Structures are given as structure tokens and as C-alpha cells.
Amino acid sequence: MKLYYSPGACSLSPHIALLEAGLPYELVKVDLRAKKLENGDDFLKLNPKGQVPALALDSGELVTEGPVIVQMIADHATGKNLAPARDSAERYKLLEWLNFITSELHKNFGPLFSPVLSDDAKAFFKDRVMAKFKYVDSQLAGRDYLLGSQFTVADGYLFTMLAWADRMKFDLSGLPNLVAYKARVAARPKVQEALTKEGLLKAA
């Protein structure tokens, strides 16, 4: 498999999932502004959406959209328990979290990266994201991870959003459950490995 990624982008989520799953993969870096691969190839010819993540399977098929990719990864490594069993109540809870993260957190973060949006507009979206983080904080009370004691692919996605919050200098100090959760996920060896491989963390 090949994971097309950009350092620190939302592709960090499936990168973490691949490492946690123990599946063999190749990293292919994408310049999202130029829509080019490191070898100069046109990324749009591979993925007309022009976005990461994209996962090229050994069959030649290309899978896009992070929440779908991470579930596929989890289903290829069922022994790692990165997602509950299909058709179980817990699986639908995982889907609920993945949809919440992608629609309520990820999409509201997008405008904060815009170089042309006004400070007032960015403040509006930042407030929206903070409100969503407050909800997540309330749901993490008494839990190690989103679904309880077991780390799942939803946690890798939420951690990616929390890494973005760091970059945007969000003050999460009033959300103790979320702060403790972020530290807990960050301490996982495979999360550290993903951050190191993407150049976001210096190798020890």
C-alpha cells in the first residue's frame, strides 16, 4: 500500500492507523499547493480531488476520504482491535465519532488555515471548534479513549485535530479530560513514530 500524505495534514490519522495496525506501507509525500509528488508527477492525475489522504491499494485501487481509509486499515488488521466488529453497536459508535470529527471539527478547522480570511471570521470558526472540543471533553470523562479503554482509529483522527489546535495556539487548559487524553495518545509509540516519520517530532 502507498499512503499519499502531507506532513501534519489530516493524513496523519491514517498514518497512525497504519502503524498501529502493523501493515506494510510506503509513504509518498505530496506538495498540496503545487499538487505535485516529490518526483514531480501530477498528483491530480492520481487523485482528481487533489487532497490527502489517499491510499493506493496493492490491487491498484485508490481509496480517499480519511474516515473510510482508517476503517479499511482497521478491517485489514482485525487482531489489533482498531475498530469494533462490523454491524456491532460499538461499530456504529465509532462511525458516529468519525463523522463528528470530520464534519464538526475537521471542516471548522479548515478556514483557520486560510491566508485570506479575516481575523473576525477566523475567530468565529475558532469559537465553533472550541465548542465542539468542550463536548468531546465531556464525553471523555472516565474514559481513556473515545470508545472507552480501547484505542481505535477515531482516536488517531481526534489526535490529529488536537495537533492542529496546538498549531493554532488554542488554549485547552480548561478542558482537563481532553488535555489528559491528548497526552495519553501522544505517548503511544506508534503515534510518536508517525510524528517522527513526518518530520513533526525529532527522533530520539
Side-chain angles (χ1 to χ4, degrees), residues 8-21 53 65-75 77-113 123-196 198 200-201:
C10 53
S11 46
L12 176 62
S13 166
H15 191 183
I16 291 170
L18 282 165
L19 288 167
E20 290 277 358
E65 302 302 327
V68 175
I69 292 172
V70 294
Q71 287 182 82
M72 175 176 285
I73 291 167
D75 289 336
T78 52
K80 298 291 186 176
N81 297 317
L82 293 172
R86 294 177 185 177
D87 300 324
S88 67
E90 291 80 10
R91 183 59 172 253
Y92 294 116
K93 180 58 69 173
L94 176 77
L95 289 170
E96 184 180 332
W97 274 117
L98 287 171
N99 277 276
F100 177 85
I101 296 166
T102 201
S103 62
E104 301 299 331
L105 288 173
H106 191 164
K107 288 304 175 186
N108 279 313
F109 255 117
L112 298 178
F113 291 101
F124 169 79
F125 284 104
K126 188 171 183 177
D127 286 346
R128 289 188 69 169
V129 172
M130 279 300 297
K132 305 303 178 183
F133 275 146
K134 285 177 182 176
Y135 166 75
V136 177
D137 182 76
S138 73
Q139 298 303 298
L140 284 170
R143 296 182 182 184
D144 288 339
Y145 301 107
L146 288 171
L147 294 189
S149 61
Q150 179 63 43
F151 177 92
T152 69
V153 291
D155 294 299
Y157 196 6
L158 177 56
F159 177 79
T160 300
M161 297 299 101
L162 290 168
W164 287 6
D166 272 353
R167 285 165 62 183
M168 294 294 173
K169 295 183 168 42
F170 276 52
D171 180 7
L172 301 179
S173 60
L175 305 175
N177 297 323
L178 198 59
V179 171
Y181 167 88
K182 178 176 174 290
R184 190 177 303 119
V185 176
R188 294 179 68 85
K190 297 303 182 183
V191 173
Q192 294 276 308
E193 187 178 345
L195 293 170
T196 301
E198 295 198 13
L200 304 170
L201 192 68

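Just so you know, these numbers use all the heavy atoms, side chains as well, and skip hydrogens, waters and symmetry mates. These figures come from a predicted structure and were not determined experimentally.
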On a heavy-atom basis, the closest approach of C10 and P14 is O-CD, 3.4 Å
Whether W164 side chain and G8 backbone form a donor-acceptor pair below 3.5 Å = yes
Are side-chain N/O atoms of Y181 and D137 paired as donor and acceptor at under 3.5 Å?
-> no
Side chains of D155 and T152: does their closest heavy-atom pair fall under 4.5 Å?
-> yes
Would you check if the side chain of Q150 reaches a backbone N or O of L82 as a donor-acceptor pair within less than 3.5 Å?
-> no
If every non-hydrogen atom of V179 is compared with every non-hydrogen atom of L172, which pair is closest and at what distance?
-> CG2-O, 3.2 Å
Does the distance from a Lys or Arg side-chain N to an Asp or Glu carboxylate O, for E90 and K93, drop under 4.0 Å?
-> no
Report the C-alpha separation of N81 and F151 in whole Å, then their side-chain angles, then the decisive distance to 0.1 Å, and conclude whether the side-chain contact (heavy atoms from CB on, under 4.5 Å) test is met.
-> CA-CA 8 Å; N81 297 317; F151 177 92; over 6 Å; no
Would you check if I101 and L146 make a side-chain contact, meaning some heavy-atom pair closer than 4.5 Å?
-> yes
Looking only at atom types and distance, does a side-chain atom of R91 sit under 3.5 Å from a main-chain N or O of P84, one as donor and one as acceptor?
-> yes
So, do S13 and V153 sit near enough that their side-chain heavy atoms are less than 4.5 Å apart?
-> no
Mind checking whether L162 and L158 have side chains closer than 4.5 Å, heavy atoms only?
-> yes
So do the side chains of L175 and F170 get within less than 4.5 Å of each other, counting heavy atoms only?
-> no
Any side-chain heavy-atom pair of V70 and Y157 under 4.5 Å | no
For residues 123-135, which side-chain donor-acceptor pairs fall under 3.5 Å, sequence neighbours excluded?
| from | atom 1 | to | atom 2 | distance (Å) |
| --- | --- | --- | --- | --- |
| K132 | NZ | E104 | OE1 | 3.1 |

Nearest atoms (heavy-atom pairs only) where I73 meets A21 | CG2-CB, 3.8 Å
When rounded to the nearest 0.5 Å, the distance separating CG of L105 from OG1 of T160 is 11.5 Å
Give every donor-acceptor pair under 3.5 Å between a side-chain atom in residues 183-193 and any protein atom, sequence neighbours left out.
| from | atom 1 | to | atom 2 | distance (Å) |
| --- | --- | --- | --- | --- |
| R184 | NH1 | D144 | O | 2.8 |
| R188 | NE | E20 | OE2 | 2.8 |
| R188 | NH1 | Y145 | OH | 3.0 |
| R188 | NH2 | E20 | OE1 | 3.0 |
| R188 | NH2 | E20 | OE2 | 3.4 |
| Q192 | NE2 | A186 | O | 2.6 |
| E193 | OE2 | K197 | NZ | 3.3 |

Do the ring planes of F113 and F109 sit parallel (below 30°), tilted (30 to 60°) or perpendicular (above 60°)?
-> tilted
Could you tell me whether the side chain of T102 and the main chain of N99 form a donor-acceptor pair under 3.5 Å?
-> no
Smallest separation among heavy atoms of A194 and L12, with atom names | CB-CD1, 4.0 Å
Which residues satisfy the side chain to side chain donor-acceptor pair (under 3.5 Å) test with N177, sequence neighbours excluded?
-> none
